[in-house]
Each structure stands twice: as structure tokens, then as C-alpha cells.
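Atoms within each ligand, like the ligands themselves, are counted from 1 in listed order.
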Amino acid sequence: MRNGVVLVNPPPSTDTSFFPLGFVFLASSLEAAGIPYRILNYSPQRYASDALVEIGLRAMMLDEPIEKRLAVASDLTSGQGNIVSEIADEILSGDEALVGFSVFRTNVDVACLVAREISRRDPGRIVVLGGPETFMQASVYGRLEGVGAVVQGEGELSLVELCKGVAKHNKLLGLDADIAGVYISGSERAPSMPIATTGFIPLNYGILLPFIREAANKQIPLLFSKGCIFNCRFCHNSDWPGGFRTADVAMFTDQLEKLLLHIEADGNPKVEELTFALRDCSFNGSWKDCERLCMALKKMERQIRLEAQLVAGAQLDRDKIQILTEAGLRAASLGLESGSDRVRKAMNKPSSVSEFLACLERLVEAGLNDIEISVIVGWPDETESEYLETANFLAQLSEMPVHVTLNLLTFFRPPSPVGAGIRKLVKTKGGSGARWIADG
Ligand code: SF4
């Protein structure tokens, strides 16, 4: 009988490498349960194309029904050396019972096309969708041809239970009553709570090794906490039921030390060429936990380059920044989202624009040399003059080691004037419309 699972990261719609950190959690928990697994990571280098950019942008910005999205995605991919059947070939070359896709909004459409292809070629395989996109969308994806089940929430326990159930009964229906956070397609039970959440299991970051060599940006993702103590209105964390949880500090540093030893033994790339990116939602959100980890990292005396997502504001003073830099922090990602105090307040962002700027200056002064600033354009009632406030704020940062990530929001109904303009451009010009806004 078939056994185990193949974990698939579908090709991204951008040219940025993004290895799903969730695979470390899933694979570690499968290993602990003795369940065999294989990982297929589709890097952007392999399939980068305008078609994938367009599919991702349409899914993000037009908010069309899934059936229409899949029809367009099917047309766009059929002229691309048949991405869908190539990925299906690679999945079907193994003999696993389950196929697990980790999906974001920008790559879920291609994953659904592959699921359909697999079910037509080998109906015995069970395709499971999980990841950020499925959290609130189980009923949308669970009804599609080829999708057997949808995991809502953290999959460490759910996936293991699914694998065990399928290995025992060789079917899906009938298992759902017992598995929290899993919606089985065609089941009587509506997709809903309970969403599965867990604490931190012992992780094997060594799983990342084969992908570290491939990653063009040489970033190693790590996670010290789950959830966030803030409640920004646009963020799915405000709906997340698990709350804020941290890993045990000793367990975390022990896992990191093991990963460093693996990398040193491998020698390609060298540790000093890498950035260890703490993907915590807000690394300094709970300062006492953040400080405990910084002290432990400093004690390791490893001199690794760290990056973290920080909440910038008056609370992040020079003393705290010194603790972060002594732990190895050299790069950061900050959520400005808007240069307008009114819009930031509506978003429920902590701190004012001037406090954000003062904090940014302190970080640069302390030696951070790579700072990403995230901006949201198209907030529901954002006016054009507020959009210009953001543009002017960013313009004054031109001498700083800063780069900007632009998030274009168009799905609000009714959209803001800015959001409506973006949607119109994407509709009329396809992916190049949104690219034009991002470049402009
Ligand atoms: S600080 Fe970041 S992760 Fe936390 S709620 Fe706000 S946007 Fe979400």
C-alpha cells in the first residue's frame, strides 16, 4: 500500500526564492512519527515567466471566482512548456499516498491545476492543500476537482493524523470527525473551527540544507514565535486563534547550533555568506521574550548575520537596539504601511509616522545596512493626497540603506480611488499594469 507524503512548494509568481518555513515544521513532525516524505521545491529560477506573474497578480488583485481564475491560469500555462504536466510528472514519479501543497494566494491557482491533473492521471492519490491561503478559504478550494482535503491552520498535527488515517483506511471520508483543522472534500461537516494550532515541536532545521545552496538570496528562515501581540486590521493574525507563543530558548539555540554545524560541514555556502532571517511576525513585539533570545544568541558567540521583522516606534529605543545588534541583527523589515497618520491609525498600526522615522534613523545609526519597508497602497478610504504623503515620506529616505516592498490592495468593496485605479490597470493591461504601478 502507498505510504507517506510528498510536500510541494509550487513555483512562485515572483523572482524571489521563498522556501516555506512551514515545511521544516511539517517534515520534523512527519520524521518524529516515522512517516516517509519527499520535498519538491519549485524555485523561481526554474519556471520564472510572465505567465506566472500574471496568474499571481490576477489572483491578488481582481478577486475573481476561482473557476474563472483557473480557466485563465490554464490558458496562460498551456503555452509555457506545460508547467502543470511537468510538475504532475515529478510528483507522480514517487509512490506517496498524499500530495501536500503549501499555498499562498499568488501560487494557489497553479497548485489547483496540478491537483486536477493528478486526479485525472492517478485518481488514487490524495491531494491536500494547506498554507496561508487555505486558512479562511477551505470551502472555496475543497470543492475543486482533484482536491481531497484542505488543512486550516498549523499542519504539524493534522498532516500526521491524515497520513495515519489514510494508511489505515485507504480513504478520506470518515476520518474528518477526528482531525481538528482538516476539511475533507465532500464531507458533511462544514469547514470551520477548530483551526489546528500547536506549540513548538523539536525542529530539524537540517531539512533546509539542500535548499540553502539553491537560494539565490542566501536567506535561511527561522522562527522563534508564532502569532503576534498586535492587531493590525489588514492582518490575518487578528483572526488567528492560537495566540502568541514562543519556542523554548534553549531548544531554539540548540537547533540553530546544529544547523550551523551542518552548514560548516557542507562548506557551500559558508556561514558568513548567509543571513538568518527570523520570520517571527513581530520579533520585538514581546520585548521580554525577544531580549531572552538575544542574550542567548549573544552567548553562542557565533557572529551570524540576523534579520528580523521589527515593530518600529518610540518603544524601540537605543538600549534595545543595542541588545538586538549585539545578538547579530544587521537587517530588518519594518511595516510602515502608510505615511499618513490617519491611515496608520485606521489600520491600527502602533506609533505615529514621526516615531517610525525616528526609530528608522536609530536603526541605521546602529549599523543596520539593509532595511525593508513595507507599504500598503489602496486602503479602503485612502485618498490620493494620503497616497502622496506615503510617496513623499519614502522619497526622503533615498540616502538610507532602505528598499521598499509595495503591497497593492484592490479587493475592498468599494475600493479606494487608488485601489480602483490599480484594479482597472490590471484588468486592461494584465500583469504589466501592476508592474507599471510598482515601478512608477
Ligand atoms: S505587527 Fe505585523 S504580524 Fe502583527 S498584527 Fe501587525 S501586521 Fe500582523
Side-chain angles (χ1 to χ4, degrees), residues 18 20-22 25 60 104-106 131-137 152-154 195 197-200 219 221-247 277-291 293 306-317 320-321 324 329 331-353 355-360 363 368 371-380 382 390 393-394 402-409 411-412 419:
F18 193 79
L21 184 56
F25 287 73
M60 285 290 283
F104 287 79
R105 180 71 164 193
T106 49
E133 174 61 8
T134 59
F135 170 43
M136 302 293 277
Q137 304 277 337
Q152 294 178 277
E154 294 158 19
I195 300 289
T197 57
T198 55
F200 276 81
Q219 281 210 355
L222 303 172
L223 198 69
F224 174 61
S225 64
K226 295 182 180 184
C228 178
I229 62 167
F230 296 102
N231 191 9
C232 303
R233 291 219 168 86
F234 54 84
C235 179
H236 75 267
N237 267 315
S238 34
D239 302 313
W240 197 258
F244 179 75
R245 295 145 286 160
T246 60
L278 284 150
R279 288 281 166 245
D280 301 58
C281 287
S282 52
F283 183 54
N284 61 330
S286 161
W287 178 252
K288 83 174 163 32
D289 293 304
C290 176
E291 186 176 21
L293 180 60
L306 288 181
E307 189 210 323
Q309 307 193 134
L310 301 178
V311 173
Q315 85 294 347
L316 190 50
D317 58 26
K320 288 180 178 158
I321 292 173
L324 289 165
L329 194 81
S333 170
L334 314 177
L336 170 69
E337 316 311 357
S338 172
S340 149
D341 276 322
R342 189 202 68 80
V343 175
R344 274 179 67 85
K345 207 162 170 207
M347 292 173 171
N348 210 18
K349 291 297 294 178
S351 82
S352 66
V353 174
E355 286 167 342
F356 181 98
L357 178 60
C359 180
L360 173 62
L363 289 167
L368 269 69
I371 300 178
E372 178 195 16
I373 293 185
S374 142
V375 168
I376 290 175
V377 174
W379 186 252
E382 180 189 33
T390 305
F393 179 88
L394 296 174
V402 157
H403 63 277
V404 176
T405 299
L406 202 55
N407 302 287
L408 307 171
L409 294 194
F411 49 76
F412 292 106

Check for a donor-acceptor pair, side chain of Q309 on one end and backbone N or O of D280 on the other, with a separation under 3.5 Å. yes

Heteroatom N/O/S of C232 within less than 2.8 Å of atom 6 (Fe) of ligand 1: yes

Closer than 2.8 Å to atom 4 (Fe) of ligand 1, do we get an N, O or S atom from C228, backbone or side chain? yes

Taking only residues two or more places apart in sequence, or in another chain, which ones meet Q315 in a side chain to side chain donor-acceptor pair (under 3.5 Å)? none

F234 heavy atoms within 4.0 Å reach ligand 1 at atoms 7 (S)

Using 4.0 Å as the upper bound for N to carboxylate O, is an ion pair formed by E154 and R245? yes

For ligand 1, which atoms have a heavy atom of C281 less than 4.0 angstrom away? 3 (S)

Which pair of heavy atoms, one from P221 and one from L21, lies closest together, and at what distance? O-CD1, 3.4 Å

